[in-house]
Amino acid sequence: MEVINVNLEAVGVKHSQYPGTGLPEVAFVGKSNVGKSTLINAMVRRKALARTSSSPGKTRTINFYNVENLLYIVDVPGYGYAKAPKSEIEKWGRMIEEYLEKREELEAIVMLVDIRHEPGQNDILMYEWLKHYGYDIIIAATKVDKINRSQIQKQLSVIKKKLNLSAQDKLIPFSGVSKAGVEELWDVIENIVGIEKNN
Ligand code: GTP
Ligand code: MG
């Protein structure tokens, strides 16, 4: 998809603050600092629309990016950020859980894992929890620019095995730096959400 029009339309921590347009939503989830906001910028071809940071815990609200009035890309705070106060962590946990569990407009989830590492216990729990709710899940194995080409297949197998991915789950190597995987990810999302932009 060639994105021309995109804007941060809503920022919220509870249901009443989320958009009421009924457009389909695709949420980006994953460990804190894995690269969710960076991936979103790559997908909408903006350098810094979604705020990124080298230290974890940057995104703390649920952010809805309206893309061409066709769908929302939703930036969700990361999990596993241990340094925040416990009360904050619990608050985010509830907010994320409620959004993922109850949001009717949510049609697909992109879960990010770092291609360099074996998925952790948090990732496994999140994946299984999302599966349980019946979502179509796309795994984006990100930061692929940080490993050698020859390592890619091996790392993808590690992720597949550790998360116990099913045959219909998509696993896409991605990089916010080289932009590898952008088109493939859009194709999969467009298919699931059933949109096509004429341009
Ligand atoms: P939270 O909002 O804290 O949950 O983090 P996030 O998942 O949104 O991560 P963010 O996009 O802020 O990126 C975290 C760090 O990883 C930043 O320093 C990014 O520049 C870096 N980063 C993200 N994606 C990539 C990538 O594909 N390649 C490389 N080399 N660095 C990346
Ligand atoms: Mg972020």
Side-chain angles (χ1 to χ4, degrees), residues 1 25-44 50 52-59 62-63 71 73-83 89 92-93 96-97 99-101 106-193:
M1 160 128 69
E25 293 169 10
V26 179
F28 287 66
V29 304
K31 225 173 104 178
S32 198
N33 215 41
V34 70
K36 297 173 293 297
S37 301
T38 302
L39 184 153
I40 288 170
N41 286 329
M43 292 202 59
V44 301
T52 66
S53 165
S54 56
S55 50
K58 179 70 182 172
T59 308
I62 300 185
N63 301 339
L71 80 161
I73 279 189
V74 184
D75 195 359
V76 175
Y79 47 79
Y81 174 52
K83 281 199 190 127
I89 294 176
W92 294 338
I96 295 166
E97 213 173 285
Y99 171 73
L100 295 174
E101 201 179 312
L106 185 54
E107 294 194 4
I109 295 186
V110 179
M111 182 176 146
L112 283 79
V113 292
D114 190 319
I115 196 160
R116 296 169 297 174
H117 310 302
E118 190 173 70
Q121 202 53 38
N122 281 339
D123 299 316
I124 295 169
L125 284 174
M126 179 54 102
Y127 175 79
E128 285 175 353
W129 190 80
L130 293 170
K131 271 270 141 178
H132 168 79
Y133 281 100
Y135 285 112
D136 275 318
I137 305 171
I138 306 153
I139 308 289
T142 197
K143 308 197 183 182
V144 67
D145 58 284
K146 291 203 175 205
I147 60 171
N148 285 328
R149 238 166 228 281
S150 60
Q151 295 289 303
I152 296 175
Q153 284 313 319
K154 180 176 149 265
Q155 290 309 106
L156 292 178
S157 311
V158 168
I159 292 165
K160 220 179 244 173
K161 194 163 163 216
K162 193 76 186 182
L163 291 179
N164 197 14
L165 296 188
S166 61
Q168 68 263 37
D169 290 327
K170 292 268 188 298
L171 175 59
I172 302 175
F174 194 94
S175 167
V177 172
S178 74
K179 316 284 191 260
V182 173
E183 285 312 320
E184 194 180 350
L185 194 48
W186 265 125
D187 286 348
V188 174
I189 289 173
E190 284 171 49
N191 251 318
I192 294 174
V193 177

Does a side-chain heavy-atom distance below 4.5 Å link [X] with [Y]?
X    : Y    : answer
L106 : V74  : no
I139 : I137 : yes
I62  : P77  : yes
V29  : I96  : no
M43  : V26  : no
D123 : Y79  : yes

Identify the two heavy atoms, one from [X] and one from [Y], that lie closest to each other, and give their separation to 0.1 Å.
X    : Y    : result
N33  : S53  : OD1-O, 3.2 Å
L100 : L130 : CD1-CD2, 4.1 Å
E107 : D136 : O-CB, 4.4 Å
F174 : A42  : CZ-CB, 4.0 Å
N41  : A50  : OD1-N, 2.7 Å
G176 : T38  : CA-CG2, 3.9 Å

Going by side-chain hydrogen bond (donor to acceptor under 3.5 Å, both in side chains), name the residues that satisfy it together with Y99, two or more places apart in sequence or in a different chain.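 By the side-chain hydrogen bond (donor to acceptor under 3.5 Å, both in side chains) rule, Y99 matches E25.
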With sequence neighbours left out, what residues match T59 under side-chain hydrogen bond (donor to acceptor under 3.5 Å, both in side chains)?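 S37.
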To the nearest 0.5 Å, tell me how far [X] [atom1] sits from [Y] [atom2].
X    : Y    : atom1 : atom2 : answer
E190 : M1   : CD    : CE    : 4.5 Å
D75  : L39  : CG    : CG    : 9.5 Å
I115 : K146 : CD1   : NZ    : 13.0 Å

Which is it for V110 and I189 under the side-chain contact (heavy atoms from CB on, under 4.5 Å) test, yes or no, and what are the steps along the way? CA-CA 9 Å; V110 179; I189 289 173; 4.2 Å; yes
W129: partners by ring-ring contact (aromatic ring centres under 6.0 Å, His included), with sequence neighbours left out: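 For W129, the residues satisfying ring-ring contact (aromatic ring centres under 6.0 Å, His included) (neighbours in sequence not counted) are Y133.
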Under the salt bridge (charged side-chain N to carboxylate O under 4.0 Å, His left out) test, which residues partner E183, sequence neighbours left out?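 Once residues adjacent in sequence are excluded, the partners of E183 under the salt bridge (charged side-chain N to carboxylate O under 4.0 Å, His left out) criterion are R45.
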Check salt bridge (charged side-chain N to carboxylate O under 4.0 Å, His left out) between D114 and all other residues, then give those that pass, not counting sequence neighbours.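 Here the qualifying residues are R116.
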Just grab all the side-chain hydrogen bond (donor to acceptor under 3.5 Å, both in side chains) pairs involving residues 150-171, residues at least two apart or on different chains.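 Checked against side-chain hydrogen bond (donor to acceptor under 3.5 Å, both in side chains) - neighbours excluded - the pairs reaching residues 150-171 are Y127-D169, K131-S166, K131-D169, S166-D169.
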Taking the side chain from K36 and the backbone from L112, do they hold a donor-acceptor pair closer than 3.5 Å? no
